[in-house]
> 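Questions regarding the structure given below will be posed in turn.
Throughout, residue positions are numbered sequentially from 1 according to the sequence presented.
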Amino acid sequence: MTNSNEEKPQWQVNQNRHTRFRTIVSVLRRYNVLSNLARQKNPDQVRAAFEELGPTFIKIGQILSSRTDIVKPEFANEFKKLQNNVRADDFSVVKQTIEQQTGKPIDEMFAQFDEQPFASASMGQTHHATLLNGQKVVVKVQHPGIDAEVALDISLFERALPLLRYIPESSVVDLREMVGEIKRSLFNELDTSIEVKNGSRFYRLNNTDDIIRVPRVYAKYSTQKVLVNQYMPGTTIQHFMAQMLAADEDGNHQYDDERRYLAHVLVQNFLKQVFEDGFFHADPHPGNILLRELQPDDIGYHDTVPKHAGKIGKRQLPPYRLVYLDFGMMGEISPALMAGIANVVVAVTTEDTHQVGKAILAISNRTGVVDEEAFFSELAPFLSQYYNSGLGDIDFQGLLFEMVKVCRSNNIQMNPAVTMLGKAFGTIEGIVETLDPTLSMMDVARPFARKYIRENFNWRNELEDGMLASLQSLRDAPKIPSRLLSALDTFENGQTRVNLVFAHRKMFIDRIDSMVNKIVLSVILAALIVGSSLLVQSHPDNSWITNIGIFGYVSAVVVIIGLLIGTLHSWYTHWRRK
């Protein structure tokens with residue numbers, strides 16, 4: 001493979017820090033990347049810039065394609081078109097990386113190793129291999145130097161962020177927060193040991209759950225830059241859905257039973273991940289789920305599982321399996337957060353916006369003063385359009401993005417695990433809606449949520465709290481007549497006070513304060529102009545006093561010009577945000 005610069009993509013040429021920084025800034029400016037990201041406009045231009053800047057930025061786009069809590073659905077869909085135009089490393093390079101990482105010759109670990117990768121992405125490439133015991137595996141090996149390259153690009157991208165001060169609309173999306181999220185995701189993906197832990201845990205919790213299968217992670221063969229997983233045959237579920245839709249068009253119902261069963265298992269397993277395991281797959285898109293059709297002579301064809309709840313005995317599984325892949329992006333939920341999410345699900349059932357809002361506040365962080373009534377009033381029209389919508393009518397990507405915007409505008413920061421769960425929920429819901437439009441995840445989620453609340457409801461503590469409250473009420477009851485009489489006496493003597501509370505109180509007071517300051521400043525400027533005029537007219541022959549008057553004129557003019565510029569800038573910013 002030649003190493004000439006003519007055959008290298010632009011991002012690989014002259015990789016010193018200063019040249020790379022100039023390249024990044026040049027491309028960002030040419031495609032207006034920061035402005036387009038901040039305004040959430042022209043996603044095609046941003047995608048073209050990321051492709052030109054190479055693997056790090058391609059990976060950034062791919063990460064953002066699954067983060068509809070950060071970017072609009074239009075951006076997410078455009079970023080899904082990003083292609084990894086990365087040439088595969090020579091086998092000698094792959095072999096060297098494996099042997100340096102493991103400290104063993106490659107033939108002491110693998111009986112057979114395919115020299116040609118079957119996939120090559122921005123971070124690494126993947127090979128088929130066979131362990132010495134005959135087990136077929138998939139080996140993912142990072143490209144040499146990709147960690148240093150990512151670190152360099154991210155640090156330079158962060159240096160380009162000060163350009164945001166020239167973008168009035170930069171408040172639409174917090175680019176600094178976005179870059180921070182991307183940085184964490186990239187560095188987590190570069191550390192394969194994290195995926196090893198995630199894969200091992202997910203395997204333990206979900207493998208053999210009905211027709212769900214999870215490839216085993218071989219930790220003893222894996223290192224920071226090498227990942228070895230059990231090979232599992234199959235095609236993506238997206239391929240099956242295409243076949244199913246084609247059959248529907250022809251009026252063929254051969255897949256009806258299978259599609260309903262697959263939808264049911266996906267929903268049940270995902271909700272188990274959330275409400276029982278507290279550990280869920282955060283990127284369950286169709287490419288990460290395989291469907292394997294079994295033949296009578298395949299291992300596992302005759303597998304059985306216990307019958308459904310309330311029934312005795314076992315039932316044979318159907319002749320197909322669902323296989324989860326890629327455990328680089330996982331979500332974890334604490335018991336407290338799990339209870340809060342269950343409360344949100346139950347609150348949505350009531351269609352009571354006030355109750356839903358309180359449940360959301362309970363699992364969110366407050367980044368400033370929160371006007372709860374204003375939040376509830378803004379939430380009401382937003383949620384009402386979804387209460388009675390059919391499953392196919394709900395855009396979950398748009399719903400999540402708009403929900404995050406409503407929270408941010410009210411100084412509410414949703415827990416990152418919640419936004420990750422919302423994105424994963426929407427992805428699974430999209431698959432389920434295609435497989436079985438009659439099955440709603442919310443309908444299945446409600447029994448899970450109620451079951452969780454029942455199982456974690458401490459009857460003894462609640463009973464004790466109720467008894468204590470009742471006893472306190474009994475103690476206070478005899479005092480009610482005397483307190484009522486005291487209140488009437490106070491009212492009769494004219495000592496009553498009425499406290500008025502209105503929405504946006506702080507904003508109103510701030511505006512009043514700004515108006516008063518401007519009035520006071522106007523009075524001072526008028527006095528300064530009048531005083532300066534009197535000094536100039538009353539002492540025309542005294543240059544010293546005249547100069548003081550002229551200085552007063554100049555000071556007043558400078559302040560007036562500053563006020564005029566500030567007002568025009570405020571109007572311009574408001575106009576651009578419309």
Side-chain angles (χ1 to χ4, degrees), residues 27-28 31-86 121-123 169 172-175 177-179 181-182 185-186 189 236-242 244-245 266 281-289 325-326 328-329 331 382 385-386 389-406 408 414 419-435 437 441:
V27 174
L28 293 182
Y31 291 96
N32 296 316
V33 171
L34 294 180
S35 177
N36 285 328
L37 278 175
R39 300 176 186 176
Q40 293 288 280
K41 295 180 179 179
N42 304 316
D44 55 328
Q45 293 185 13
V46 180
R47 176 183 59 80
F50 283 4
E51 286 181 339
E52 185 171 332
L53 286 171
T56 303
F57 287 84
I58 289 174
K59 193 63 186 179
I60 288 173
Q62 290 171 344
I63 290 172
L64 290 177
S65 71
S66 64
R67 294 301 303 272
T68 48
D69 57 310
I70 296 179
V71 296
K72 282 185 175 180
E74 293 83 357
F75 264 75
N77 293 330
E78 185 69 27
F79 286 152
K80 289 176 182 177
K81 302 175 184 177
L82 282 166
Q83 300 296 320
N84 287 303
N85 187 19
V86 180
S122 54
M123 296 294 155
E169 299 87 347
V172 177
V173 173
D174 190 338
L175 286 187
E177 179 187 347
M178 179 191 297
V179 173
E181 288 284 332
I182 291 170
S185 297
L186 280 174
E189 182 163 346
T236 66
I237 197 169
Q238 195 167 11
H239 178 72
F240 169 77
M241 290 191 292
M244 180 194 73
L245 294 175
L266 279 172
H281 198 300
D283 192 22
H285 64 78
N288 281 339
I289 302 176
L325 303 176
D326 192 355
M329 190 181 298
F382 170 73
Q385 59 183 318
Y386 294 103
S389 298
L391 183 60
D393 299 328
I394 298 178
D395 176 10
F396 280 92
Q397 290 186 337
L399 171 63
L400 180 59
F401 183 80
E402 294 299 327
M403 185 69 213
V404 172
K405 278 182 61 178
V406 169
R408 281 179 178 165
M414 294 186 71
T419 55
M420 190 176 288
L421 174 61
K423 177 260 169 188
F425 186 93
T427 304
I428 284 286
E429 184 85 64
I431 299 174
V432 170
E433 194 273 332
T434 302
L435 292 173
M441 282 190 68

> With rounding to the nearest 0.5 Å, note down the distance linking CG in N36 to CG in D44.
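If we round to the nearest 0.5 Å, N36:CG and D44:CG are 8.5 Å apart.
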> With side-chain contact (heavy atoms from CB on, under 4.5 Å) as the test, pick out the partner of V46 among N32, L28, V33.
V33
> Heavy atoms, side chains only, cut-off 4.5 Å: are T427 and P284 in contact?
yes
> Where do A282 and G331 come nearest, in terms of heavy atoms and distance?
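Of all heavy-atom pairs spanning A282 and G331, the closest is CB-N, 4.0 Å.
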> Taking the side chain from H281 and the backbone from D326, do they hold a donor-acceptor pair closer than 3.5 Å?
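Yes, H281 side chain to D326 backbone: donor-acceptor pair under 3.5 Å.
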> How many angstroms lie between atom CG of L325 and atom CG of D283, to the nearest 0.5 angstrom?
11.0 Å
> Indicate the atoms forming the closest heavy-atom contact of Q45 with Y31, along with that distance.
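Closest pair (atom of Q45, atom of Y31, distance): OE1-O, 3.1 Å.
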> Is the shortest heavy-atom distance from the side chain of T434 to the side chain of M244 under 4.5 Å?
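Side-chain contact under 4.5 Å: yes.
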> Would you give the length of the straight line joining atom NE2 of H285 to atom OG1 of T236, rounded to the nearest 0.5 angstrom?
10.0 Å
> Give the ring-plane orientation class for F79 versus F50, where under 30° counts as parallel, over 60° as perpendicular and anything between as tilted.
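F79 vs F50 ring planes: parallel.
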> I431 versus L266: any side-chain heavy-atom pair under 4.5 Å?
yes
> About how many Å separate CD of Q238 and CG of N288, when rounded to the nearest 0.5 Å?
11.0 Å
> Can you name the closest pair of heavy atoms from L435 and M241 and give their distance?
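Taking every non-hydrogen atom into account, CD2-CG, 3.9 Å.
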